[in-house]
Amino acid sequence: MKQHLAELLQQAVDRLKTDGVLPAGQPVEIGLERARDHRHGDFASNLALTLSKVARRKPRELAEALVAALPESDQVDRVEIAGPGFINFHLSPAAWYAVVGTVLEAGDAYGRSELGGGRPVQVEFVSANPTGPLHVGHGRGAAYGATVADLLEAVGYRVHREYYVNDAGRQMDILAVSVYLRYLDLCGEDVPFPSNGYQGDYVWDIGASLHRRRGDALRHTAAELLEGVPPDEPAGGDKEAHVDGLIARTRALLGEAHYREVFDLGLESILDNIRRDLEEFGVVYDEWFSERSLTESGAVDRAIERLKAGGHLYEKDGAWWFRSTGFGDEKDRVVVRENGQTTYFASDIAYHMNKLERGYERVIDVWGADHHGYVPRVKAALEALGDDPSKLDVLLVQFAILYRGGQKVQMSTRSGEFVTLRELRHEVGNDAARFFYVMRKCEQHMDFDLDLAKSQSADNPVYYIQYAHARVMSVMRQLEEKGMTWDAAAGAAGLPRLTEKHEQSLMVRLSRYPELVEAAALNHEPHLIAHFLRELANDFHTYYNAHQFLVEDAELRNARLNLIQATRQVIANGLGLLGVSAPERM
RNA sequence: GCCCCGGUAGCUCAGUCGGAUAGAGCAACGGCCUUCUAAGCCGUGGGUCGGGGGUUCGAAUCCCUCCCGGGGCGCCA
């Protein structure tokens, strides 16, 4: 429809060029958009305003010339000039009928497109350290990332969903030690738990599972373990040094093989938990990519060698530094520590190098906003490696702050005081959780009101939309009870009977859906879908209250049923993209 | 101090990359159920778009500056 109008305008412009009103030669961009206000018609063009300068005419005068040169079309009811020189198109009712048939015919596919042309895109999201269950902060990244991926797929990209598993590094060692200490406790050893350890109940569970499996086989005395370990913070020491000491002692006492066993048990238990949690949330991955594998495959060394060969590394204070300042970062970054260990950043360079080597045209990282300072250095590394940093899109998701009873819920993973994603899902349901998480733009701080999300009331937008879907289903059920039928073919023929204002606006809304999916996908803005669905549901509820669908007049009834079935379809499609169910009854 | 995000109705937020008289929901107030689910609908009130400059036909939107809130600035991950 929009394209049709753009063609009409183009023809008008061409005619004015021939007539010498407009300078020939340079092509003009046809500005055309949906009118914000329905009193301005359906589509509006600011063409006369943008062209007035080159034409050296007053905008309104130019608009009149353009309108006069506009070819006839049966889709256009009338054209008006308004305000400073806008050209407003009022479409004829007939222009909208087609959408009902299009929706019914396309079904689940309505709104999908081939825009992406099957080009490969990778979306990496959540990637939380496997040191504990996912909490509500991760939930936002999960819902957002999954929806962005689904949207891109809907518009024709070949999407690869990936979780980067941080299965190496100090945090994981702290987890392993935490598990081991709980295990020792179950063996009957009385070892003080480090203030820097992971204190959540799940660590007890893993310790217990280790004890069930190995009995006392891995037991060492508290005195052995604490030998030579600097004091913890409450005892006047440094908590970091204390926990590092414990890691070293645990390693030494257990030996590498047994230490690895404890470590991997912790890792696998938590990863299983995370996998299950996400799956129940409707979030699935194509790949769980191991950080450790980058070291083992030599990718980290290879990345470092490439940087070295390019002259981007230098040695200082015994460490190797990447000259990221040469690529716009604010300071240089260490990639190989004084002790010879590579940093997390080195792994990340290798990881992103690997992503691009896999041939993705676009790589999307969904990160928590607290990692924003990390973006310049990763892009710097890609540039230094000779890759194109603009292929990487980092989407920063702001924190979700949880409110319960009007009070902020404080959270800390280390202390084990947090609300898990699982708890949230059980409390408010998957549908409400998925919807609430993507209701806001990702760069917007989010106040997640638990009481609102779980309230089964009108305030809750997700129910409002689902109810519209259920209502259509209910009408269809009533059809039989009333001894009536629905003939879709007759309904299609009877569409011109749909002349009510409510019916017109519903059709206009339906026709916008594909544009919205496209915009939401390309701009990574799932909230557009959420808002659209709310408006569509509103249109439907209004229509429902104003007119009877199951009327005696068969032609009118069939046409109306076609329209509400199309509406149901679009609601189902939209909710599906958000990972929210479309219930048949409520 | 530097960097990122935000500041729009009492509250939570939209605002389609510069458009027309700035919009929803909730909350408040007033109406609508013998008719397809009232988890709904209709109506009313509510604004210095954080402040101040600038750019132009035109600014919530772009530029500069200041104020306020959140977050980040490790040889942690």
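First the proteins, then the strands, lettered A, B, ... as listed; each starts at 1.
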Would you call [X]-[Y] a salt bridge at under 4.0 Å N-O?
X	Y	value
A/R509	A/D539	yes
A/E480	A/K482	no
A/E525	A/R440	no
A/R292	A/D264	yes

**Study point:** Any residue meeting side chain to side chain contact (heavy atoms under 4.5 Å, CB included) with A/K501, in chain and number order, not counting sequence neighbours
**Key:** none

Point to revise | Base of B/G71 paired with side chain of A/H445 (donor-acceptor, under 3.5 Å) | key: no

Revision key, fill the gap. Protein-proximity profile, nucleotides 16-21 of chain B, B/S/- by nucleotide at the 4.0 Å heavy-atom cutoff, equals B--BB-

**Study point:** Residue A/H541, side-chain atoms from C-beta onward, closest of B/C13, B/C4, B/G40
**Key:** B/G40

**Study point:** Distance in angstrom units between A/I401 CD1 and B/G6 C1', rounded
**Key:** 11 Å

**Study point:** Distance, rounded to the nearest Å, where A/Y374 contributes OH and B/C76 contributes C1'
**Key:** 10 Å

Exercise for review: Report the stems of RNA chain B as range-with-range entries sorted by first number; a stem here is at least three consecutive pairs, Watson-Crick or G-U wobble, both distances under 3.5 Å, and write none if there are none.
Suggested key: B:1-7 with B:67-73, B:10-13 with B:23-26, B:28-32 with B:40-44, B:50-54 with B:62-66

Study note, to complete from the structure: Judged by nearest nucleotide, the residue sitting upstream toward the 5' end of RNA chain B, A/F399 or A/R471, is A/R471

